[in-house]
Amino acid sequence: MATTRTPSPATPSQRSRNSTRGPVQVVDLDRADGTATFAHDPDWTTQSGALFFTERRTLRASLISPDAWALTFETQMTNVSGTDVAMGSPTTKGRENAGYGGLFWRGPRSFTGGQFVTAEGLGGDEVRGRRMEWMGFAGHHDESDAQSLVLMVDDAANPSHPPQWFARTEEFACLNPAPFFSEELTVEDGATVRFRYGVGIADADANAAPALADAS
């Protein structure tokens, strides 16, 4: 389930730096050897219409088993703004333990109060801000005893690997490997920053997390 965030009221200088995504050009749509691939090129512009970043975003989906599938998310973002750009979070601006940014999963209402699973075991909201190579969320569905497991794996080549995680079980369930949780990431003018994540989704409980992480 995807989510969007409504920005808080900003100062005039902040508003001038807010960006929007422009038209999207599809560059690849294919299915081969059990994998579906979709790639597109969004452009990011400032509110004044100036081109800010170009992006190549690629999604690949494949079955792991009859009860699980994997999604690979890759992005290459190139700074074409004419100046260096610092990517940060509310925490880098002074708000404690609110370092969200980047690829973000928000779960359904029924997953509220679920459990995180990591290589170290099960946990709750105390895992927020900790550095992990991967993290999963195990939750229950409404009106049934069915459980599902959603897991994200941070690629070893990603900036700030292993990342700090913005993760919560209360109010709403979410997972977010946040590459600029507590420190800004500066992308120099003309430079390209790359991120790659493996996402696993399974009809399973927390016990399946290590195997799902290896397969994602």
Side-chain angles (χ1 to χ4, degrees), residues 1-8 36 57 59-75 88-92 95-156 158 160-182 195-216:
M1 178 180 295
T3 184
T4 58
R5 290 185 175 274
T6 302
S8 300
R57 185 182 300 179
L59 305 174
R60 295 183 179 89
S62 60
L63 286 176
I64 298 173
S65 73
D67 298 317
W69 64 283
L71 175 71
T72 301
F73 178 97
E74 297 180 69
T75 181
S89 71
T91 293
T92 64
R95 182 178 166 192
E96 186 178 359
N97 216 16
Y100 49 82
L103 185 64
F104 191 106
W105 170 82
R106 178 168 177 164
R109 185 206 54 76
S110 63
F111 276 35
T112 304
Q115 287 186 306
F116 295 112
V117 54
T118 71
E120 299 177 359
L122 299 177
D125 283 353
E126 73 279 356
V127 304
R128 188 186 310 154
R130 295 177 63 183
R131 292 191 179 274
M132 302 279 182
E133 293 187 2
W134 61 266
M135 187 178 294
F137 193 101
H140 287 265
H141 294 279
D142 281 333
E143 300 178 358
S144 74
D145 292 328
Q147 298 185 63
S148 286
L149 176 66
V150 178
L151 184 143
M152 291 184 177
V153 182
D154 190 74
D155 191 87
N158 286 351
S160 304
H161 176 84
Q164 292 176 270
W165 290 74
F166 183 80
R168 62 190 309 168
T169 63
E170 298 302 325
E171 296 187 27
F172 57 86
C174 74
L175 278 176
N176 169 217
F180 23 85
F181 188 106
S182 57
F195 295 97
R196 184 178 187 276
Y197 302 96
V199 182
I201 300 96
D203 294 330
D205 60 19
N207 293 321
L212 187 62
D214 289 340
S216 298

Sorted by chain and residue number, the salt bridge (charged side-chain N to carboxylate O under 4.0 Å, His left out) partners of Glu171 (sequence neighbours excluded) come out as Arg168
Residues Val127 and Ala167: closest non-hydrogen pair is CG2-CB, 4.3 Å
Minimal heavy-atom distance between Val117 and Ala206, with the atoms involved, is CG2-O, 3.9 Å
Check your understanding: Quick one: are Ser148 and Asp203 in side-chain contact, heavy atoms under 4.5 Å?
Key -> yes
Across all chains, not counting sequence neighbours, the side-chain contact (heavy atoms from CB on, under 4.5 Å) partners of Glu120 are Thr118, Arg130, Met132
field: Parallel, tilted or perpendicular: ring planes of Tyr197 versus Phe73, cut at 30 and 60 degrees
entry: tilted
Across all chains, not counting sequence neighbours, the side-chain hydrogen bond (donor to acceptor under 3.5 Å, both in side chains) partners of Ser62 are none
Residues passing the salt bridge (charged side-chain N to carboxylate O under 4.0 Å, His left out) test with Asp155, sequence neighbours excluded, are Arg196
Sorted by chain and residue number, the ring pair (Phe, Tyr, Trp, His ring centres under 6.0 Å) partners of Phe181 (sequence neighbours excluded) come out as none
Interatomic distance, CH2@Trp134 vs CG@Leu175, rounded to 0.5 Å, equals 11.0 Å
Ring pair (Phe, Tyr, Trp, His ring centres under 6.0 Å) filter on His161, not counting sequence neighbours, yields none
Taken in chain and number order and not counting sequence neighbours, the residues that satisfy salt bridge (charged side-chain N to carboxylate O under 4.0 Å, His left out) with Asp125 are Arg128
Residue set satisfying side-chain hydrogen bond (donor to acceptor under 3.5 Å, both in side chains) with Asp145, at least two apart, ordered chain then number -> none
Between Trp105 and Phe137, is the ring centre distance below 6.0 Å?
-> yes
Sorted by chain and number, sequence neighbours left out, salt bridge (charged side-chain N to carboxylate O under 4.0 Å, His left out) with Glu126 holds for none
In short, salt bridge (Lys or Arg N to Asp or Glu O under 4.0 Å) pairs touching residues 59-70 with sequence neighbours left out are Arg60-Glu74
For Ala70 and Ile64 the tightest heavy-atom approach is CB-CD1, 3.7 Å
Using modelled atom types only, decide if a donor and an acceptor are shared between the side chain of Ser110 and the backbone of His140 within a distance under 3.5 Å. yes
Ser216 meets the side-chain hydrogen bond (donor to acceptor under 3.5 Å, both in side chains) criterion, sequence neighbours left out, with none
Closer than 3.5 angstrom, by distance alone: can the side chain of Thr91 be matched with the main-chain N or O of Arg95 as a donor-acceptor pair?
yes
Handout entry: Side chains of Ser160 and Phe180 in contact at under 4.5 Å (non-hydrogen atoms)
Key = no
Contacts of Thr72 meeting side-chain hydrogen bond (donor to acceptor under 3.5 Å, both in side chains) (sequence neighbours excluded), chain-then-number -> none
When rounded to the nearest 0.5 Å, the distance separating CE of Met152 from CG of Leu212 is 12.0 Å
>> Could you tell me if the side chain of Asn176 sits less than 4.5 Å from the side chain of Trp165, heavy atoms only?
In response: no
Here the gap from Asp154 atom CG to Phe195 atom CZ, rounded to the nearest 0.5 Å, amounts to 8.5 Å
On a heavy-atom basis, the closest approach of Gly114 and Thr169 is O-CG2, 3.3 Å
| With distance as the sole test, does Ser65 use its side chain to make a donor-acceptor pair with the main-chain N or O of Ala68 at under 3.5 Å? | yes
Taking every heavy atom of Gly99 against every heavy atom of Ser89, the minimum-distance pair comes out as CA-OG, 3.4 Å
Note: Phe116 and Cys174 closest approach over all heavy atoms is CE2-O, 3.6 Å
